[in-house]
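Working notes for the structure below.
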Amino acid sequence: PIDLQERLKEKLLPAMTNILDDTSKLQTQVTSSATEITQLKNELERAKQVANTDELTGIPNRRGFNIIIKKLAETAKKEHTPFSIILVDIDFFKSINDKFGHLIGDSVLRYLAKQLDSETKGKDSIARIGGEEFIILLPQTEYDNALKLADSLRKKVAAFTLKVKDQDKPLKLTISAGIATYQVGEETDKLVERADKALYQAKKNGRNKVC
């Protein structure tokens, strides 16, 4: 009937149009919100990465190291598999800073970080945990294999010389290292402490040593 058509045209169709418009606007808002959420998640992830990364060398810092070793310990407990750590320290680093300056000292730190990175493969990880101290984390690695890797790395670093700008004599670099293998149920702090004691022994024995 004509009157019904008129009522549909005047009342129902405008209402439906408004509903469709509102739905379209809501979809746009939902899409926009989803994009913002994704951006915020990405920014949060980048912030976490920055917080866990050493600014000078680009490798994990102490905070990043704590996350990695915690996961390794959890896996070791669950799967009853070993893992080892190598604590590395640059010999006479203070003398390098005193003689060549802190810019060269920073370059030495970056150089060693690259060396450690090139020597670690697969699931192995490295971190700078403070000053001139670095740590290598070796999942599913027994003590003997960790010892071999540490000694191989020590020899490679000692065999290479660094050319310093405006200096006649090249810079000879050596490292000392302490090794410890995780014992199931052991606190990770205790593991690092054992590696630190081994490192101290290496330095006490004359440096450029692995203990």
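Excluded from the calculations below are hydrogen atoms, water molecules and symmetry mates; all remaining heavy atoms, backbone and side chain alike, are included.
Side-chain atoms of Leu116 and Leu112, non-hydrogen and from C-beta on, do get closer than 4.5 Å to each other. A 4.5 Å side-chain heavy-atom check between Leu162 and Pro170 finds every atom pair outside the cut-off. A 4.5 Å side-chain heavy-atom check between Tyr182 and Lys77 finds at least one atom pair inside the cut-off. In this structure, the side chains of Ile86 and Leu153 stay at 4.5 Å or more apart for every pair of heavy atoms. With contacts defined as side-chain heavy-atom distances shorter than 4.5 Å, the pair Phe100/Val108 does not qualify. At least one side-chain heavy atom of Arg194 sits less than 4.5 Å from a side-chain heavy atom of Glu186. Side chains of Ile96 and Phe92 form no contact here, defined as non-hydrogen atoms less than 4.5 Å apart. By the 4.5 Å heavy-atom criterion applied to side chains, Val192 and Phe65 are counted as neighbours.
Residues Ala51 and Asn61 come closest through the heavy atom pair O-ND2, 2.9 Å. Nearest heavy atom pair, residue Ile69 against residue Asn66, reads CG2-O, 3.5 Å. Heavy atoms only, all atoms of each residue included: Ala150 and Ala177 are closest at CB-CB, 4.5 Å. Closest approach of Ile126 to Ala113, counting heavy atoms only: CD1-O, 3.6 Å. Taking each heavy atom of Ile179 and Ala146 in turn, the nearest pair found is CD1-O, 3.8 Å. Across all non-hydrogen atoms, the minimal contact from Asn97 to Gly105 is OD1-CA, 3.3 Å.
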Full working for side chain to side chain contact (heavy atoms under 4.5 Å, CB included) between Thr174 and Arg154 = CA-CA 7 Å; Thr174 62; Arg154 178 193 65 79; over 6 Å; no
Check step by step if side chain to side chain contact (heavy atoms under 4.5 Å, CB included) holds for Lys123 and Gln140.
-> CA-CA 9 Å; Lys123 296 181 179 180; Gln140 299 180 341; 5.8 Å; no
Take Ile67 and Lys70 through the side chain to side chain contact (heavy atoms under 4.5 Å, CB included) test and state the conclusion after the steps.
-> CA-CA 5 Å; Ile67 294 172; Lys70 182 181 177 182; 5.9 Å; no
Determine, step by step, whether Ile90 and Leu109 satisfy the side chain to side chain contact (heavy atoms under 4.5 Å, CB included) criterion, reporting the C-alpha distance in whole Å, the side-chain angles of both residues, the deciding distance to 0.1 Å, and the verdict.
-> CA-CA 9 Å; Ile90 300 174; Leu109 292 171; 3.7 Å; yes
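Arg63 contributes atom CZ, which lies 10.5 Å from atom OG1 of Thr53 (distance to the nearest 0.5 angstrom). Distance CD1/Ile85 to CG/Leu138: 9.5 Å, rounded to 0.5 Å. Summarising the geometry, atom CD belonging to Glu193 is positioned 11.5 Å from atom CD belonging to Glu187; distances are rounded to the nearest 0.5 Å. Between the CD atom in Glu36 and the CD atom in Gln29 there is a gap of 10.5 Å [rounded to 0.5 Å]. The CG atom of Leu147 lies 11.0 Å from the OG atom of Ser152; values are rounded to the nearest 0.5 Å. Note: Asp196 CG to Asp189 CG = 11.5 Å, rounded to the nearest 0.5 Å.
Lys155 and Asp151 are joined by a salt bridge, as a carboxylate oxygen and a charged side-chain nitrogen come within less than 4.0 angstrom of each other.
When only modelled atom types and interatomic distance are considered, Ser176 and Asp91 share a side-chain donor-acceptor pair under 3.5 Å.
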Which pairs would a plain distance check flag for residues 127-137, meaning a side-chain donor or acceptor within less than 3.5 Å of a matching protein atom at least two apart in sequence or in another chain?
{"residue": "Arg128", "atom": "NE", "partner": "Gly131", "partner atom": "O", "Å": "2.8"}
{"residue": "Arg128", "atom": "NH1", "partner": "Asp54", "partner atom": "OD1", "Å": "3.2"}
{"residue": "Arg128", "atom": "NH1", "partner": "Asp54", "partner atom": "OD2", "Å": "3.2"}
{"residue": "Arg128", "atom": "NH2", "partner": "Gly131", "partner atom": "O", "Å": "3.0"}

Ignoring hydrogens and angles, write down the donor-acceptor pairs under 3.5 Å from the side chains of residues 3-20, residues two or more places apart or on other chains.
{"residue": "Thr17", "atom": "OG1", "partner": "Leu13", "partner atom": "O", "Å": "2.9"}
{"residue": "Asn18", "atom": "ND2", "partner": "Pro14", "partner atom": "O", "Å": "3.3"}

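Atom OH of Tyr200 has 12 or fewer heavy atoms from other residues, nucleotides or ligands within 6.0 Å. For NZ of Lys165, the number of neighbouring non-hydrogen atoms (other residues, nucleotides, ligands) closer than 6.0 Å is 12 at most. Counting heavy atoms of neighbouring residues, nucleotides and ligands inside a 6.0 Å radius, atom CD of Glu74 exceeds 12 of them.
The backbone N or O of Ala73 sits nowhere less than 3.5 Å from a side-chain atom of Thr75 that would complete a donor-acceptor pair. Put simply, the side chain of Lys172 gets close to the backbone of Ala158: a donor and an acceptor are under 3.5 Å apart. A donor-acceptor pair under 3.5 Å links the side-chain atoms of Thr28 to the main chain of Ser24, judged by distance alone.
Both Ile175 and Leu56 belong to a single network of hydrophobic side chains, linked directly or stepwise wherever heavy atoms of I, L, V, M, F, W or Y lie under 4.5 Å apart. Clustering ILVMFWY residues whenever any of their side-chain heavy atoms sit less than 4.5 angstrom apart, transitively, puts Leu149 in the very cluster that holds Val157. Cluster annotation: Leu191 is not connected to Tyr143 through the hydrophobic network of ILVMFWY side chains, with a link wherever side-chain heavy atoms come within less than 4.5 Å.
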